[in-house]
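What follows is a single structure, written as structure tokens, with notes after it.
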Number of protein chains: 2
Amino acid sequence: MRSDAQANREKVLAAAEEVFGETGSTGSTEEIARRAGVGIGTVFRHFPTKQLLVEAAVVGHLTRLTDTVRERIGGGEPGTAFRATFREMVSDAPAKLALVALLEEPADPTDAPDDAEAAASALRDAVGALLSQGQDAGEVRADATVDDVYVLIGALVSAQADRTLVDRAVDIVLDGLSPRRSE
Amino acid sequence: MRSDAQANREKVLAAAEEVFGETGSTGSTEEIARRAGVGIGTVFRHFPTKQLLVEAAVVGHLTRLTDTVRERIGGGEPGTAFRATFREMVSDAPAKLALVALLEEPADPTDAPDDAEAAASALRDAVGALLSQGQDAGEVRADATVDDVYVLIGALVSAQADRTLVDRAVDIVLDGLSPRRSE
DNA sequence: CATCATACGGAGTCGGCACTCCGGAACGCA
DNA sequence: TGCGTTCCGGAGTGCCGACTCCGTATGATG
């Protein structure tokens with residue numbers, strides 16, 4: 001790959017993460033091209049489909065997020081670790097929003113083995129590990145599943161409201177995720 | 001107003017509630033016209049703007065919802081009443097989705113006094129009454145506000161997941177809304 | 001039943017966006 | 001430095017959805 005091509009690809013990806021972070025996969029390709037300082041043609045040469053561009057942007061976010069989650073596994077304070085991760089994932093709305101948009105569309109069997117899906121399930125596994133760790137320590141309600149956590153995060157992510165309000169909502173939800181009285 | 005015009009207006013409104021209920025204000029005007037069995041022109045004569053059509057559809061939903069909420073105020077079982085309402089509002093996703101879309105767009109000062117806003121705040125008041133009632137009875141955590149409740153409902157509404165999963169999430173959130181241990 | 005204001009239908013316009021195409025740079029190797 | 005290959009830019013295409021326009025139909029009224 002020629003060096004200018006490589007550079008452009010990166011500029012486009014950065015612009016895409018930026019734009020999708022603001023508008024959640026609704027952002028137009030033209031806008032991305034403009035911010036990247038390249039022509040539309042260039043965007044489409046590197047990412048032949050908008051879908052692919054979204055995926056590429058999302059994979060970046062997810063991988064980074066997965067890394068930080070993994071670092072917490074096995075550390076002390078399982079409850080705190082779980083809650084911190086939960087909060088972070090809600091704030092990482094950009095990535096999640098895009099991911100949500102991505103997963104919404106019906107899985108096409110003709111797809112090549114999907115990077116985005118791989119990244120998503122890696123994250124899911126890491127979150128799952130953190131969750132069971134919290135449960136083993138008796139700091140997270142025992143009957144909660146990764147699915148539950150995901151639904152709740154997904155919900156909070158797509159709530160459009162002041163940061164402050166969402167933070168309050170997160171606290172309430174985390175209370176709901178704490179061990180039940182009877183336990 | 002001519003009788004056929006009246007009839008058509010109602011058919012369009014019904015179709016609009018149906019379509020927006022499925023797609024959340026993304027549904028196309030053509031689709032609505034088709035389901036109503038009228039031409040597009042007719043839709044636009046009654047509702048000159050898509051925005052107005054959305055509002056009209058939403059006002060219907062909201063008013064009905066407000067009525068059922070009001071009926072619960074002052075009845076027995078404040079905690080149950082509150083929780084039932086919470087669950088219903090989450091399931092009434094269609095109305096809320098549309099409302100969300102509606103409220104998202106910047107309030108235009110040139111708007112006439114807005115039906116939709118009036119309907120929305122009536123609902124909010126009713127929910128507020130139910131909430132304080134539950135709190136007075138010690139069945140809902142004391143520090144929760146109507147805003148909190150709205151954010152949580154809004155979040156759960158826009159979670160896209162199986163009915164079953166969302167129901168579990170609602171249970172968890174309602175646990176978070178129950179009185180704190182220390183209370 | 002005649003008349004006309006009121007409605008209707010749907011082809012057509014306009015704008016926006018994903019995606020294509022190709023003439024003209026820019027790279028990198030000898 | 002010369003040259004073939006790889007890239008780039010951005011005007012152009014096709015599609016889709018909101019909205020308009022006007023010839024035609026139909027309810028109301030005397």
Side-chain angles (χ1 to χ4, degrees), chain A residues 1-58 97-98 101-102 104-106 108 110-112 116, chain B residues 1-58 97-98 101-102 104-106 108 110-112 116:
Chain A
M1 171 139 64
R2 247 167 62 177
S3 66
D4 55 344
Q6 175 73 29
N8 274 329
R9 185 190 172 84
E10 273 154 28
K11 280 193 287 183
V12 169
L13 207 44
E17 295 199 14
E18 191 180 309
V19 170
F20 291 148
E22 290 164 17
T23 62
S25 90
T26 318
S28 75
T29 313
E30 268 183 63
E31 174 67 18
I32 292 171
R34 187 145 28 81
R35 293 211 204 173
V38 304
I40 316 183
T42 301
V43 175
F44 278 95
R45 191 162 330 95
H46 288 292
F47 306 93
T49 277
K50 193 186 180 180
Q51 173 70 5
L52 289 173
L53 180 52
V54 173
E55 287 193 16
V58 162
L97 266 186
L102 172 77
E104 258 172 4
E105 77 179 45
D108 183 345
T110 62
D111 275 358
Chain B
M1 169 138 67
R2 246 167 63 177
S3 65
D4 56 343
Q6 175 74 29
N8 274 330
R9 185 189 171 84
E10 274 154 26
K11 281 194 286 182
V12 169
L13 208 43
E17 294 200 15
E18 193 181 308
V19 171
F20 291 149
E22 291 165 15
T23 61
S25 90
T26 317
S28 76
T29 314
E30 269 185 62
E31 174 66 18
I32 292 171
R34 188 145 28 81
R35 291 210 204 174
V38 304
I40 316 183
T42 302
V43 175
F44 277 94
R45 192 161 331 94
H46 289 292
F47 306 92
T49 275
K50 193 185 179 179
Q51 173 71 4
L52 289 173
L53 180 52
V54 174
E55 286 193 17
V58 162
L97 267 186
L102 172 76
E104 259 172 4
E105 79 178 46
D108 183 346
T110 61
D111 275 359

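Sequence lines set the chain letters: A, B, ... in the order given, protein chains first and strands last, and positions in each chain run from 1. Basis for what follows: all heavy atoms, side chains included, without hydrogens, waters or symmetry-related copies.
Atom NZ in K50(B) sits about 17 Å away from atom C1' in dT20(D), given to the nearest Å. F47(A) has its CZ atom 11 Å from the P atom of dC8(D), to the nearest Å. Between K11(A) atom NZ and dC7(D) atom C1' the separation is 12 Å, expressed in whole Å. Nucleotide dT6(C) holds its P atom 17 Å from the CZ atom of R9(B), rounded to whole Å. dG9(C) atom P lies 15 Å from atom CD1 of I32(B), rounded to whole Å. Between the CD atom of Q51(B) and the C1' atom of dG17(D) there is a distance of 16 Å, rounded to whole Å. What separates CD of E10(A) from P of dC8(D) is a distance of 12 Å, to the nearest Å. If you take CZ of F44(B) and P of dC21(D), they are 13 Å apart, rounded to a whole angstrom.
Taking only side-chain nitrogens and oxygens, H46(A) comes nearer than 4.0 Å to OP1 or OP2 of dC8(D). The phosphate of dA18(D) (OP1 or OP2) has a side-chain N or O of T29(B) nearer than 4.0 angstrom.
Considering every non-hydrogen atom in both K50(A) and S25(A), the closest pair reads NZ-O, 3.1 Å. What you find for G27(B) and T23(B) is that their closest heavy atoms are N-OG1, 2.9 Å.
In this structure, CG on N8(B) lies 4.5 Å from NZ on K11(B), to the nearest 0.5 angstrom.
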Check nucleotides 9-13 of chain D against the protein and report each pair of N or O atoms closer than 3.5 Å, with its distance, or say if there are none.
residue, atom, partner, partner atom, Å
dG9(D), OP2, G39(A), N, 2.9
dG9(D), OP2, T42(A), OG1, 2.5
dG10(D), N7, G41(A), N, 3.2
dG10(D), O6, G41(A), N, 3.3

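Axis angle across the helix from dC1(C)-dG30(D) to dA30(C)-dT1(D), with five pairs used at each end and values rounded to 10°: 10°.
Residues passing the side-chain contact (heavy atoms from CB on, under 4.5 Å) test with A5(B) are M1(B), R2(B), H46(B), sequence neighbours excluded. When the side chain to side chain donor-acceptor pair (under 3.5 Å) test is applied to E30(B), no partner is found at least two apart in sequence or on another chain. Contacts of R35(B) classified as side chain to side chain donor-acceptor pair (under 3.5 Å), with partners at least two apart in sequence or in another chain: E18(B), E22(B), E31(B). Partners of A56(A) under the side-chain contact (heavy atoms from CB on, under 4.5 Å) rule, at least two apart in sequence or in another chain, are L13(A), F47(A). Annotation: side-chain contact (heavy atoms from CB on, under 4.5 Å) contacts of A16(B) (sequence neighbours excluded): F20(B), I32(B), L53(B), A57(B).
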Per-nucleotide protein contact string for nucleotides 24-30 of chain D, where B marks a base within reach and S marks sugar-phosphate only (heavy atoms under 4.0 Å, - for neither): --BSS--

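Side chains of R9(B) and V12(B) form no contact here, defined as non-hydrogen atoms less than 4.5 Å apart.
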